[in-house]
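Beneath this line is the structure, given in structure tokens, with notes to follow.
Counting convention: from 1, in listed order, for ligands and their atoms alike. As the structure is a prediction and not an experimental result, all values here were calculated from the model. All residue numbers refer to positions in the sequence shown, counting from 1.
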Amino acid sequence: SHKLAVFASGRGSNLQSIIDQGFNIGVIISDKKQAKALEKAKEKKIPSLFIDPKAFSSKTEYEKELLKVVNEHNCNLICLAGFMRILSPYFIRNAQMKILNIHPSLLPSFPGLHAHQQALDYGVKFSGCTVHFVDEGMDSGPIIMQAVVPVSDEDTEETLVNKILKEEHRIYPEAIRLVVEEKIKVQNRKVIINE
Ligand code: GAR
């Protein structure tokens, strides 16, 4: 059986889509006190915590606390949902569970911050979103699922954000389901799905 820890820094719309699909969420963690994601957690009476990075002497100490909380809540899968902080190799090596992330571009294009603006500036005709396992690189782990959206001349950052979010809300829960139902294996850093 599964129990998710969801890490979110902001709006929390991906968190909402995960909640709506009925996954068992053990804890929601944010690095931002004002994160809308924390309000959603409270509404749904899901345990939630603001863990302030500034309250720790180093990134490692901060990440130790994140791992402690995840373990205390007996979570066996971490889902990053707009968590705008890079987890260090320390965290990845010491996490006893798989870690998933959703990123608003067709990786390996446009990793990092401001993915939508990067795509618009480049002039791509299609963009989209990617759910992937988190490894020690930046948005570089094995890809589980992607969805494509067309980019038009009229698109702005805002319209592209919204188009892509719609797809994020569809594929993130689908990818999580594949992982919790153990329908996925990784071979030569490629994800193979056995439905
Ligand atoms: C989403 O678009 C997600 O793909 C992106 O942040 C947004 C969070 O929205 N993540 C990243 O850019 C990670 N580098 P949400 O808080 O409404 O789910």
Side-chain angles (χ1 to χ4, degrees), residues 4-23 25 27-44 46 48-51 53 59 63 66 77-89 91-92 95 98-122 124 126-151 155-177 179:
L4 313 187
V6 180
F7 290 16
S9 300
R11 178 176 49 202
S13 71
N14 278 289
L15 167 66
Q16 184 70 56
S17 75
I18 294 167
I19 292 171
D20 290 345
Q21 293 308 309
F23 290 102
I25 303 177
V27 66
I28 294 163
I29 298 172
S30 186
D31 59 334
K32 293 271 189 287
K33 197 180 167 98
Q34 306 300 338
K36 289 269 182 299
L38 290 175
E39 291 174 27
K40 284 188 201 291
K42 293 210 179 73
E43 277 168 30
K44 301 281 172 180
I46 300 167
S48 64
L49 270 135
F50 161 55
I51 308 181
K59 183 157 179 142
E63 293 185 341
L66 295 177
L77 179 64
I78 296 173
C79 298
L80 307 180
F83 189 64
M84 302 311 272
R85 187 168 289 278
I86 294 163
L87 295 169
S88 76
F91 186 96
I92 310 301
K98 293 183 174 109
I99 309 170
L100 306 185
N101 182 43
I102 184 144
H103 182 78
S105 75
L106 294 174
L107 291 172
S109 290
F110 316 126
L113 288 178
H114 311 297
H116 308 89
Q117 194 58 52
Q118 289 189 57
L120 289 170
D121 290 348
Y122 197 96
V124 292
F126 292 91
S127 191
C129 48
T130 304
V131 182
H132 64 93
F133 288 113
V134 174
D135 66 8
E136 292 182 19
M138 159 85 126
D139 297 323
S140 63
I143 290 172
I144 301 168
M145 206 172 269
Q146 293 185 303
V148 178
V149 308
V151 181
D155 271 314
T156 62
E157 191 178 23
E158 192 191 352
T159 63
L160 188 56
V161 163
N162 290 329
K163 277 201 253 186
I164 293 176
L165 267 181
K166 204 165 158 241
E167 294 302 306
E168 293 185 40
H169 300 157
R170 185 174 64 78
I171 70 167
Y172 205 5
E174 232 182 285
I176 293 169
R177 186 184 64 79
V179 173

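- Annotation: atom 6 (O) of ligand 1 to nearest protein heavy atom, Gly82 CA, 3.7 Å.
- Atom 11 (C) of ligand 1 has as its closest protein heavy atom Pro104 CD, 3.7 Å.
- Residue Gly12 has at least one N or O atom closer than 3.5 Å to an N or O atom of ligand 1.
- Between the side chain of His103 and the backbone N or O of Phe110, at least one donor-acceptor pair lies under 3.5 Å.
- Thr130 contributes a side-chain N or O that, together with a main-chain N or O of Ser105, makes up a donor-acceptor pair within less than 3.5 Å.
- The number of heavy-atom neighbours closer than 6.0 Å to NZ of Lys98, taken from other residues, nucleotides and ligands shown, is 12 or below.
- Between Arg170 and Glu167, at least one side-chain N (NZ, or NE/NH1/NH2) sits under 4.0 Å from a carboxylate O, which counts as a salt bridge.
- Nearest-heavy-atom check against atom 1 (C) of ligand 1 across Met84, His116, His114, Glu168 picks out Glu168.
- Within the structure, ligand 1 lacks Lys36 among the residues with a heavy atom less than 4.0 angstrom away.
- Residue Ser13 approaches ligand 1 through these ligand atoms, each under 4.0 Å from one of its heavy atoms: 15 (P), 16 (O), 17 (O), 18 (O).
- Annotation: atom 9 (O) of ligand 1 to nearest protein heavy atom, Arg11 NH2, 2.9 Å.
- Inspection of the Ser127 and His116 side chains reveals no N or O donor paired with an N or O acceptor under 3.5 Å.
- For atom 14 (N) of ligand 1, the nearest non-hydrogen atom of the protein is His103 ND1, 3.6 Å.
- Between the side chain of Lys163 and the backbone N or O of Pro150, at least one donor-acceptor pair lies under 3.5 Å.
- With hydrogens and angles ignored, the 3.5 Å screen pairs a side-chain donor or acceptor of Ser9 with a backbone N or O of Met84.
- At a 3.5 angstrom cut-off on N or O pairs, Asn14 counts as close to ligand 1.
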